[in-house]
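Structure record follows, encoded as structure tokens.
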Amino acid sequence: MSAIQEPFSEGQSLVHRLDPRGKIGVAALFAVLLATANNYATILTGLALSLVCLALAGLPLRKVAARLLVVNSFIFFLWLVLPLTYPGDVVWELGPLSASRQGLLFTGLITLKSNAIIIILITLVATVPVITLGQALQNLRLPDKLCHLLLFTYRYLYVFEEEFHRLLQALKIRGFQPRTNLHTYRTYAYLAAMLLVRSYDRADNVYRAMLCRGFNGTFYSLKTFSWQRQDHSFLAASLLAAAALGYLEWLQPSLG
Amino acid sequence: MSDALIVLENITFAYPGAFRPVFQDFNFQLPPGHHLGLIGPNGCGKTTLLHLIMGLLRPQAGSIFIFGKEVRKEKDFVAVRQKVGLLFQNADDQLFCPTVIEDVAFGPLNQGKPPAEALWIARETMDRLGLSGFEDRITYKLSGGEKKLVSLATVLAMQPQLLLLDEPTTGLDENTKQRLIHILQDLEISYLIVSHEHDFLNHTVRECCHVHGHCCQPLPPRPGKEPVSTCKKAVSAPGKEY
Amino acid sequence: MSDALIVLENITFAYPGAFRPVFQDFNFQLPPGHHLGLIGPNGCGKTTLLHLIMGLLRPQAGSIFIFGKEVRKEKDFVAVRQKVGLLFQNADDQLFCPTVIEDVAFGPLNQGKPPAEALWIARETMDRLGLSGFEDRITYKLSGGEKKLVSLATVLAMQPQLLLLDEPTTGLDENTKQRLIHILQDLEISYLIVSHEHDFLNHTVRECCHVHGHCCQPLPPRPGKEPVSTCKKAVSAPGKEY
Amino acid sequence: MHISEGVLSPAVLAGGAVLTVVGTAVGLKKVDYEAIPRVAILSAAFFVASLIHVPLGPVGLHLVLNGLMGLLLGWMAVPAILIALFLQALLFQFGGLTVLGVNTVTMAAPAVLCFYAYRGLLRHPGTPAAIGAFACGFSAVLLSGLLVALALISTGQAFLEVAQLVLLAHIPIMIIEGIITLFIYLFLQKVRPEMLEGIYAS
Ligand SMILES: Nc1ncnc2c1ncn2[C@@H]1O[C@H](COP(=O)(O)OP(=O)(O)OP(=O)(O)O)[C@@H](O)[C@H]1O
Ligand SMILES: Nc1ncnc2c1ncn2[C@@H]1O[C@H](COP(=O)(O)OP(=O)(O)OP(=O)(O)O)[C@@H](O)[C@H]1O
Ligand SMILES: [Mg+2]
Ligand SMILES: [Mg+2]
């Protein structure tokens, strides 16, 4: 029912069982490597690696594809503009429009890069439930306050999403139909404002509840992580792969 | 049967992702001029039933007839929502305008009434519920009971022919409950009340009906002054346990 | 009087910006070993009273004594909150940790217990309430009734000497209410329940008390098997109308 | 508007990340423990409000509301926006990890700037405040659009036309955000003026 879901966090695959701290580190490393890469060889290798991970994670491919489709809308928009405006050798012409070879290659590079990084994000980070992720980030020494902001925000996301849903239904049963007019904008503004007012008061109550339970400025975490042999192997393999990507990117003559 | 206000035939409904359906081949009907109580344990699907009637949820199978006409598409339900009023379980979900009068006039405005007429209808409805003087109160700051009554006003302002009330008494004090009972007793339209409170049902409806997984088991009205047992008995009937 | 668990003397309290005070020269006391019900119309200040006792709100005038000691400053109230548990009206306000076990262990950890002991206490409390197996459930995914019981566990895990419950039954079905009644009947500590539901109060407390603007009008317990009328009568007593 | 992964140059990504770290540090300093639930819960409410589809002719636009977030939270809007964007990246894969810094800057910098720019105007109730609220919503999106364009152009001249189109696409959003922010402001002023206290703080 809820629009906010974590479809990838449930599963029993090898990828799901890895220590989240290792997965976060490796995902960050690969995301940065690929984001800085400019070489087709590097990026194709990266994409291949990300697809291997995807296969190992055993995620529902339909859902992954649906996500990728939505995410690629900005990239699609780039395809409409970049090849036509990028200077270079013309390979295609239609009236005043002309596409350049360099433009096509460049846009292709961006597309592959973007998809490779997103697949890594899906397979390594989205396979961790947000709650565990918050605890892992805390374990990785991110500021305490930031981690708690994350966990709190996530906790109340669902409360507000439900409230929002119910308010939308209230609009419906009172004959509201969205149109392009001021009445519609005012109604939506009221809806958002009502959510904000309630959230503000709820925050007061939550803080009071924390005080009642003896809160004195320290958050304790009960979550313990255990680093296992499979995590060692995963880290070692990832570092090797990263080295290979680095070699392709910086030590190989450009193929692109 | 064709004169029943609401007919649900062989409805199957499951929430997406839920592991079993709330309703399976479910049947229900509300004859005209009736005041019906609907009871059943938490999670048996009472709220879901009302939302199905209003088209806020759509069944996976089965047909719904409202005022004798089958309703299927969003367009059909838009028309239904003009004639059937729903009072939500939680008044906070129903009120979202800054002031009471804006909230009550919202429905009539959506029905295409000109602002002056919408305001007039809103005032008139509020008078009827004893809410005159509340026009410029901030809805958010009303007490629980006042919120409930204002919600009822927002629904009645749309001049529905049928009213569905989802647990109208939760969190209300005794006085407000009494006021609600009087208001309901004075209404000329049919209504259907979901409630866990038997006392309240005894004063507002003459028949109760118990929601099961497969049908809505009607409990015939009893003559005499003591319809309490009707509702009481229904509760102790074996329900879908959670 | 000095052995009363809670004494409020001539309390005046107004919300900032509100146009009249909720309490004016208000007096209240809770004798030890008592199970007291607190009733009154919506908005009469029941929730406010509990928040004053916990020091979540501060009165503009008057004194509060808890366990015979006057409490004034934040430091005093920090000590009070170790001994008095408050169950909030809304369970979503009370459960803010990601998982159930973390939420239940949050209080003991803040009391300075080492993690292992805190966990043990949390498990033990949950067992007592029939919640074993819920440890790793995500709090926001619990049903309404489950949320209420887990909230109660978070409060009991702090091993309070006195429990304040703010409308613990809203929206609960008959089964969950019964479970709550049994849990409360088995508790050895004093408690105070705010509720609009007389049935529930009849099973859990022997005395009721009606909150007025100026005092909390106690209604003496009646001997015999039918304490219903105690609570029933209180309701019809003239309250502060809104 | 989220920028996708893989588009921007390493220098721009790094710049965004550094600015976000600094902004978040400043913001977190201002968040005391009492404010944690408030910032988080407002952040959740904003996340949900951004799910509202506002119709404009045949298309639906999502609300951004970063101007309003600035008004209510000041500097604390930076960590709040960072968290909201991180969750969007996780749950919907909008934006991403390496662009998180840049996306945060494009949303949060206008929020903080508008807070300081329009605070004065908003302190005068009536028409000035109303104008201030509209301008706040309007210019926050305008600035966001400009920053997105700037990030694209700094990556390479090739993105000049793309940046222009992005900016163009922001124009209708600006107007709608202005109107919506105005109505929300009026609502809050009437219903819960305490929420706007940040405007009066020195
Ligand atoms: N949005 C939803 N998504 C998934 N399941 C839901 C949703 N809403 C309700 N349910 C489930 O559907 C069933 C019926 O819910 P419904 O709200 O109709 O019950 P109800 O009879 O109104 O209960 P109550 O007396 O508590 O109001 C329950 O098991 C509930 O958990
Ligand atoms: N945060 C607040 N700011 C201003 N006024 C408030 C606030 N909270 C409550 N009030 C007002 O104070 C009065 C007492 O409220 P309180 O919540 O204590 O009532 P209650 O007896 O618990 O009612 P209910 O039975 O509805 O829970 C009400 O008139 C209410 O409108
Ligand atoms: Mg219900
Ligand atoms: Mg209360």
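Quick note: numbers below take in every heavy atom, side chains included, and nothing from hydrogens, waters or symmetry partners. Just so we're on the same page: letters track the sequence lines, and every chain starts at 1.
Proximity to chain D (any heavy atom under 4.5 Å) is shown, for Asn181(A), by neither the backbone nor the side chain. Residue contact with chain A, scored on non-hydrogen atoms closer than 4.5 Å, involves the side chain of Ile176(D) exclusively. Both the backbone and the side chain of Leu196(A) come within contact range of chain D, with heavy atoms under 4.5 Å apart. For a residue to count as touching a neighbouring chain, one of its non-hydrogen atoms must lie under 4.5 Å from one of that chain's; by this rule Leu13(D) touches chain A with the side chain only. Of the two parts of Pro143(A), only the side chain, counted from C-beta on, holds a non-hydrogen atom closer than 4.5 Å to a non-hydrogen atom of chain D. Contact of Glu194(D) with chain A is made through backbone and side chain together, with heavy-atom distances under 4.5 Å. There is no contact between Arg155(A) and chain D, counting heavy-atom distances below 4.5 Å. Using a 4.5 Å cut-off between heavy atoms, Arg38(D) contacts chain A through both its backbone and its side chain. Contacts between Val159(A) and chain D at a heavy-atom distance below 4.5 Å are absent for every atom of the residue.
Rounding to the nearest 0.5 Å places CD1 of Ile36(D) at 9.5 Å from OH of Tyr207(A). For the atom pair CD1 (Ile180(D)) and CG (Leu191(A)), the distance works out to 10.0 Å, reported to the nearest 0.5 Å. Distance check, rounded to the nearest 0.5 Å: CZ of Arg198(A) to CD1 of Ile41(D) gives 13.5 Å. Atom OG of Ser43(D) is separated from atom OH of Tyr154(A) by 14.0 Å, given to the nearest 0.5 angstrom. The CG atom of Leu186(D) lies 7.5 Å from the OH atom of Tyr190(A); values are rounded to the nearest 0.5 Å. Atoms CG and OH, from Leu42(D) and Tyr200(A) in turn, are 8.5 Å apart once rounded to the nearest 0.5 Å.
Interface check for chain D: of the options Leu211(A), Leu146(A), Thr184(A), the most heavy-atom pairs under 4.5 Å are formed by Leu146(A). Among Val191(D), Leu165(D), Leu182(D), the residue making the largest number of heavy-atom pairs under 4.5 Å with chain A is Leu165(D). Of the listed residues Glu6(A), Lys113(A), Lys145(A), the one with more heavy-atom pairs under 4.5 angstrom with chain D than any other is Lys145(A). Most heavy-atom pairs under 4.5 Å with chain D: of the set Phe160(A), Tyr156(A), Phe152(A), this distinction falls to Phe160(A). Across Ala45(D), Pro10(D), Ser4(D), Ala40(D), the residue that shares the most heavy-atom pairs under 4.5 angstrom with chain A is Ala40(D). With chain D as partner, the option from Asn115(A), Thr36(A), Leu168(A) having the largest number of non-hydrogen pairs under 4.5 angstrom is Thr36(A). When each of Val32(A), Leu82(A), Leu195(A) is checked for heavy-atom pairs under 4.5 Å with chain D, Leu82(A) comes out on top. When Ile43(A), Leu34(A), Ile122(A), Ile120(A) are compared by the number of non-hydrogen pairs under 4.5 Å with chain D, Ile122(A) comes out ahead.
Within residues 24-32 of chain D, the residues having any heavy atom closer than 4.5 Å to a heavy atom of chain A are Thr24(D), Leu28(D), Lys29(D), Val31(D), listed by residue number. Along residues 78-89 of chain D, the residues that come nearer than 4.5 angstrom to chain A, judged on non-hydrogen atoms, are Pro79(D), Leu82(D), Ile83(D), Phe86(D), Leu87(D), Ala89(D) in order of number.
Taking the centre of each ring, Phe47(D) and Phe164(A) stay at or above the 6.0 Å mark.
Heavy atoms only, all atoms of each residue included: Thr85(A) and Ala158(D) are closest at OG1-O, 4.0 Å. Contact between Leu51(D) and Glu161(A) at its shortest, heavy atoms only, is CD1-CG, 4.2 Å. Pairing each heavy atom of Val197(A) with each of Arg192(D), the nearest pair is CG1-CD, 3.9 Å. Contact between Ala189(A) and Ile184(D) at its shortest, heavy atoms only, is O-CG1, 3.4 Å. Between Pro37(D) and Val206(A), the closest heavy-atom pair is CB-CG1, 4.2 Å.
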Go through the steps for Val81(A) and Phe159(D) under the test side-chain contact (heavy atoms from CB on, under 4.5 Å), then give the verdict. CA-CA 9 Å; Val81(A) 185; Phe159(D) 286 103; over 6 Å; no

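Side chains of Phe187(D) and Met194(A) form a contact here, defined as non-hydrogen atoms less than 4.5 Å apart. Two residues are said to be in side-chain contact when any heavy atoms from C-beta on lie closer than 4.5 Å; Phe77(A) and Val166(D) meet this criterion. Residues Arg186(A) and Ile179(D) have side chains not in contact (no heavy-atom distance under 4.5 Å, counting atoms from C-beta outward). Leu133(A) is listed as a side-chain neighbour of Leu90(D), based on a closest heavy-atom distance under 4.5 Å. Residues Phe8(A) and Gln93(D) are in side-chain contact: their nearest non-hydrogen atoms beyond the backbone lie under 4.5 Å apart. Side-chain contact between Ile117(A) and Leu97(D) is absent, with no heavy-atom pair separated by less than 4.5 Å. Looking only at side-chain heavy atoms (C-beta outward), Thr153(A) and Val39(D) stay at 4.5 Å or farther from each other.
The aromatic rings of Tyr33(D) and Phe215(A) stand perpendicular to each other, their planes meeting at an angle above 60°, with 30° marking the opposite boundary.
Side-chain atoms of Arg67(A) come within 3.5 Å of backbone atoms of Leu91(D) as a donor-acceptor pair (strictly under, hydrogens ignored). When atom types are taken as modelled, the side chain of Tyr185(A) and the backbone of Pro55(D) share a donor-acceptor pair closer than 3.5 angstrom.
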